2 protein chains.
Amino acid sequence: MKKTSLNDIAKSLGVSKTLVSMVLNGHGTKNGISKQTQERVHAKARELNYKPNQIARGLRTGKSNTIGLIVADISNPFYAKLARHIEHYSSEANYNVIFCSSEEEPHKEAELLDMLADRQIDGIILSATGQDSNQILKLKRDGIPFVLIDRYYPRLNNNFVGVDNFQSAYNLTDHLIRLGYSRIAHLTVSPSHASSLRDRYKGYRAALKDANIRYSSQYYQEVSFEEPEAGVTRAIRELLEPPHIVNAIFAANNRLAVTALEVFNKWNIKIPQDVALVSFDDMDLFKFCFPPITAVAQPIQEIGRHAVELLIRHIENKEKNPPTQQIILPTKLEIRRSCGNFLTPLETLPIKTK
Amino acid sequence: MKKTSLNDIAKSLGVSKTLVSMVLNGHGTKNGISKQTQERVHAKARELNYKPNQIARGLRTGKSNTIGLIVADISNPFYAKLARHIEHYSSEANYNVIFCSSEEEPHKEAELLDMLADRQIDGIILSATGQDSNQILKLKRDGIPFVLIDRYYPRLNNNFVGVDNFQSAYNLTDHLIRLGYSRIAHLTVSPSHASSLRDRYKGYRAALKDANIRYSSQYYQEVSFEEPEAGVTRAIRELLEPPHIVNAIFAANNRLAVTALEVFNKWNIKIPQDVALVSFDDMDLFKFCFPPITAVAQPIQEIGRHAVELLIRHIENKEKNPPTQQIILPTKLEIRRSCGNFLTPLETLPIKTK
DNA sequence: TTATAAAACTAAACGCGTTTAGTAAAAATG
DNA sequence: CATTTTTACTAAACGCGTTTAGTTTTATAA
């Protein structure tokens with residue numbers, strides 16, 4: 001039960017496969033194929049349930065109507081949601097998506113980029129590990145359209161869709177400062193070559209500086225991507241062993257925030273009494289944690305939409321070489337109780353239905 | 001700056017591309033190519049950084065070293081984690097993965113299956129919508145190796161990796177019953193053609209029956225996949241409007257549980273005082289909710305590992321046609337406080353460091 | 001010395017849809 | 001009627017790696 005090929009249709013109608021190809025691609029009239037013949041071809045194609053082999057087509061045209069998406073970690077809900085939106089908008093524009101996950105490893109990222117190039121991908125959406133701009137230069141040299149998301153290379157003028165990590169981190173830190181916290185730790189991933197993480201750190205430092213709060217290098221804690229549990233455990237021990245060095249922790253991503261919660265739970269450290277916690281990147285359940293976690297929320301759907309639009313514009317105008325574009329979208333500071341204004345749920349009102 | 005092709009190597013060495021192809025595929029010695037020539041070919045391939053075009057190769061061999069993964073919803077953390085594990089194990093076995101998300105729509109599932117077939121995928125891992133077994137029959141007829149995950153078709157004897165949804169749901173319900181709950185609602189997704197959801201419902205019913213608890217059709221609430229908020233809101237209103245019909249809710253997946261939490265929060269309904277809540281599928285943050293949510297946890301990594309192993313076994317023994325296999329893995333009941341044994345966090349012990 | 005075999009390599013077909021260059025027949029024009 | 005144009009269609013090349021069926025050269029056996 002093999003698939004119907006162009007040739008099958010051509011033979012069964014006694015015409016050439018050229019003709020069939022032209023008709024099915026809508027170039028029939030342009031090439032002067034008669035109406036009846038066109039109709040016969042369409043009818044037969046329907047009858048045999050013909051679907052063109054995209055691979056053979058791509059081999060000839062160099063176009064695959066497929067875009068590659070490389071995220072740093074598909075199991076992180078931020079990227080998972082982003083992947084879903086990207087898939088959605090691509091599919092609307094008649095593109096398929098190949099998802100990949102680099103797991104923050106530059107060599108895996110390089111491998112995946114090669115793999116995608118092998119597969120004649122039309123373009124790439126990439127959240128780069130940031131360690132090595134050679135990959136990006138190679139994409140540029142090879143003329144493969146691409147859009148960076150979430151993280152960019154400051155030196156290179158590429159297509160980019162993301163948020164203002166600096167300002168958002170500044171606001172988040174400023175929020176802590178206004179609530180009276182002055183010894184604020186920054187918990188981040190090492191090695192943090194990703195521009196997003198670096199900008200979050202810079203925003204944090206800038207907010208401290210503008211508030212005339214002395215920064216201590218003890219506040220800065222790096223945790224390896226591979227073993228967050230061990231790293232966060234160590235980091236929190238250093239930050240909170242008496243005398244407590246800090247009274248607030250800024251987790252630079254949601255995974256670190258969740259891991260911090262694990263550690264707090266294990267050691268019975270209470271938020272915000274013992275220490276305040278805020279997270280960059282929101283999660284559905286942060287609202288329902290005890291206490292709810294204050295976080296910066298990114299407009300994930302919008303990031304996905306713009307990334308797809310921008311990429312497709314570049315793919316479909318490859319010759320004209322449209323100018324690169326940087327799209328910076330607004331974030332939202334979700335203020336909850338993990339840094340004060342503490343109310344126990346027991347103080348909430350009685351059940352109100354309807 | 002185009003990519004190096006086989007021909008480039010052949011020409012620059014003055015040999016045929018046949019020879020180059022054979023050498024680079026390790027068939028050099030078998031075909032009597034001399035040692036020196038083989039070495040020259042390898043050296044030149046390295047020098048030109050040659051990477052074979054997988055598409056052209058696949059066109060000829062019919063093999064792409066790529067597997068397709070279709071999940072019901074990539075933004076659901078259960079599937080996102082599963083995707084990550086599947087990617088990991090596939091990559092270890094030298095296969096790439098094309099991820100897709102059917103968003104529970106049978107027609108999209110059908111489209112994606114066609115798309116994957118077009119791309120000469122070697123095999124498919126699928127969490128089927130369950131509405132239409134024709135898709136599955138077509139895969140079988142076309143001889144495409146596949147493994148179902150999470151959901152299966154009871155009538156068809158296919159490869160399958162998943163958990164015992166019936167027994168796990170039975171245990172979860174039984175846990176509620178032992179804590180004294182007798183009016184237990186079942187909140188599920190409509191239309192629930194997925195075997196996993198149906199089995200969860202059956203397990204719930206069986207537990208009620210074995211405990212001689214009368215079941216009322218009022219306990220059963222279905223919510224559409226597309227609009228969970230509106231549906232869950234309506235469902236919970238019906239279940240909890242005075243006089244409260246139920247005192248416990250069994251959410252058949254994590255998304256429903258999270259949405260239920262949203263509604264409870266909005267209406268100030270307290271868990272477990274006003275109503276108990278349990279979820280099928282665990283989430284990282286369920287531990288830290290207020291109160292922590294009792295849930296059935298699936299062994300996601302193991303599901304991914306077995307699915308990949310089983311699929312690759314079938315792909316690589318396509319001729320021998322190995323027997324189909326059903327792998328049922330154990331779940332874990334994570335007992336937390338959302339159904340009683342209520343302790344406020346305020347009663348916990350003082351900070352204990354180290 | 002001649003037939004035979006082994007060693008080392010190549011031409012060409014293949015898979016399948018696209019595209020260029022071209023042909024045959026009918027219609028229009030002079 | 002002869003020539004040009006138009007209409008309707010086709011052969012063959014192409015992309016690129018794989019594979020089959022050889023070919024040429026050298027070595028071995030009869």
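Please read all numbers here as calculations on a predicted model, not as lab measurements.
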Quiz item: Taking NZ, NE, NH1 and NH2 as the nitrogens, is one of them in A:Glu47 or A:Lys44 under 4.0 Å from a carboxylate oxygen of the other?
Solution: yes
Quiz item: Hey, does the side chain of B:Ser21 come within less than 4.0 Å of D:dT18's phosphate (OP1/OP2), counting only N and O?
Solution: yes
Quiz item: Looking at B:Glu302 and B:Arg305, does any basic side-chain N land under 4.0 Å from a carboxylate oxygen?
Solution: yes
Quiz item: Would you say the side chain of B:Thr18 and the base of D:dT19 hold a donor-acceptor pair, judged only by whether the two atoms sit under 3.5 Å apart?
Solution: yes
Quiz item: Does the side chain of B:Asp8 pick up a donor-acceptor pair with the side chain of B:Tyr50 at under 3.5 Å?
Solution: no
Self-check item: Passing candidate, side-chain hydrogen bond (donor to acceptor under 3.5 Å, both in side chains) with A:Gln325, options A:His314, A:Arg313, A:Glu309, A:His306
Solution: A:Arg313
Quiz item: What does A:Val20 touch in the nucleic acid at a heavy-atom separation under 4.0 angstrom: a base, only the sugar-phosphate, or nothing?
Solution: nothing
Quiz item: Is the phosphate of D:dG17, meaning OP1 or OP2, less than 4.0 Å from a side-chain N or O of B:Asn7?
Solution: no
Quiz item: Does A:Asn25 make a side-chain N or O approach to OP1 or OP2 of C:dT18 shorter than 4.0 Å?
Solution: yes
Quiz item: Under 4.0 Å between a side-chain N or O of B:Ser34 and OP1 or OP2 of C:dA8?
Solution: no
Quiz prompt | A:Ser21: which of A:Thr18, A:Leu24, A:Asn25, A:Val23 passes side chain to side chain contact (heavy atoms under 4.5 Å, CB included) | solution = A:Asn25
Quiz item: Touch check for A:Ser5, heavy atoms < 4.0 angstrom, all strands: base, sugar-phosphate only, or nothing?
Solution: sugar-phosphate
Practice problem: Rounding to 10 degrees, work out the angle separating the end axes of the helix from C:dT1-D:dA30 to C:dG30-D:dC1 (five pairs an end). | Solution: 70°
Are there any protein N/O atoms within less than 3.5 Å of an N/O atom in nucleotides 13-15 of chain C, and if so, which ones and at what distance?
unit_1 : atom_1 : unit_2  : atom_2 : d
C:dC14 : O2     : B:Arg60 : NE     : 3.4
C:dC14 : O2     : B:Arg60 : NH1    : 2.8

Exercise. Before accepting this row, confirm whether a basic side-chain N of the pair A:Lys108/B:Glu92 lies closer than 4.0 Å to the acidic partner's carboxylate O.
Key: no
